[in-house]
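Note sheet for the following structure.
These numbers come from the heavy atoms of this one structure, side chains and all, not from hydrogens, waters or symmetry mates.
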Amino acid sequence: MSAGDQGAAGQRVPDSVRRHARTRAFAEAEDVVSALLSDPGVREARARVEAAETELGMELRARLQPFQDRRDQAVAGGDAARLAGLCAGKHGRWGRICVLDDGHETLMGEPHWGLTSEGRPVAWVGSAPDDW
């Protein structure tokens with residue numbers, strides 16, 4: 001075996017160990033997250049947040065529905081410029097569904113607003129990270 005072959009073989013073992021350690025760490029993290037999310041207190045808090053988001057979404061619907069209609073028309077018409085001007089706010093469960101104009105939180109003082117995949121209005125404050 002040449003020196004180059006020995007170096008390549010010698011590198012495969014540490015690489016394999018690192019991959020195994022990373023895989024194990026991710027599996028352990030998933031177990032911890034699952035345990036936290038199954039906690040009755042966490043589930044109750046999540047249910048209260050969802051109820052509040054739905055209630056606020058319903059309260060704002062009459063005033064903000066025109067934004068949803070405008071977004072739907074832009075999608076149907078392929079209006080990329082209109083779609084590019086929409087808020088990039090991201091809901092942790094529903095993704096990028098805010099139909100308001102970019103900057104609405106400071107300009108209009110409104111929370112994010114949109115419709116869920118079930119068609120329910122929802123309003124929320126803040127934005128989920130892109131890697132969520």
Fill in: Contact list for residues 15-69, test ring pair (Phe, Tyr, Trp, His ring centres under 6.0 Å), sequence neighbours left out
none
Discussion item. Using 0.5 Å steps for rounding, measure from the NE2 atom of His104 to the SG atom of Cys98.
Written reply: 3.5 Å
Discussion item. My understanding is that only residues two or more places apart in sequence, or in another chain, count here; which of them pass salt bridge (charged side-chain N to carboxylate O under 4.0 Å, His left out) with Glu118?
Written reply: Arg120
Worksheet item: Going by the side chain to side chain donor-acceptor pair (under 3.5 Å) test, which pairs reach into residues 37-47, not counting sequence neighbours?
Response: Glu44-Arg48
Worksheet item: Can you check side-chain contact (heavy atoms from CB on, under 4.5 Å) on Leu115 and Gln68, steps first, answer last?
Response: CA-CA 8 Å; Leu115 298 179; Gln68 179 70 45; 3.6 Å; yes
Item to complete: Please go through Leu86's hydrophobic cluster and name the other residues, only I, L, V, M, F, W, Y counting, with side-chain heavy atoms under 4.5 Å joining them.
Response: Val75, Leu83
Practice prompt. Can you tell me which residue pairs pass the salt bridge (charged side-chain N to carboxylate O under 4.0 Å, His left out) test with a partner in residues 71-85, sequence neighbours excluded?
Written response: none
Item to complete: Using modelled atom types only, decide if a donor and an acceptor are shared between the side chain of His112 and the backbone of Lys90 within a distance under 3.5 Å.
Response: no
Worksheet entry | Any residue meeting side-chain contact (heavy atoms from CB on, under 4.5 Å) with Asp102, in chain and number order, not counting sequence neighbours | none
Worksheet entry | Results of side-chain hydrogen bond (donor to acceptor under 3.5 Å, both in side chains) for Arg18 - residues two or more places apart only | Asp15
With a cut-off of 3.5 Å and sequence neighbours excluded, list every side-chain donor-acceptor pair involving residues 57-65.
residue : atom : partner : partner atom : Å
Arg61   : NE   : Gln65   : OE1          : 3.2
Arg63   : NE   : Glu110  : OE2          : 3.2
Arg63   : NH2  : Glu110  : OE1          : 3.0
Arg63   : NH2  : Glu110  : OE2          : 2.3
Gln65   : NE2  : Asp69   : OD1          : 2.9

Worksheet item: Hey, what else clusters with Val122 if you join Ile, Leu, Val, Met, Phe, Trp, Tyr whenever side-chain heavy atoms sit under 4.5 Å?
Response: Trp94, Ile97, Trp124
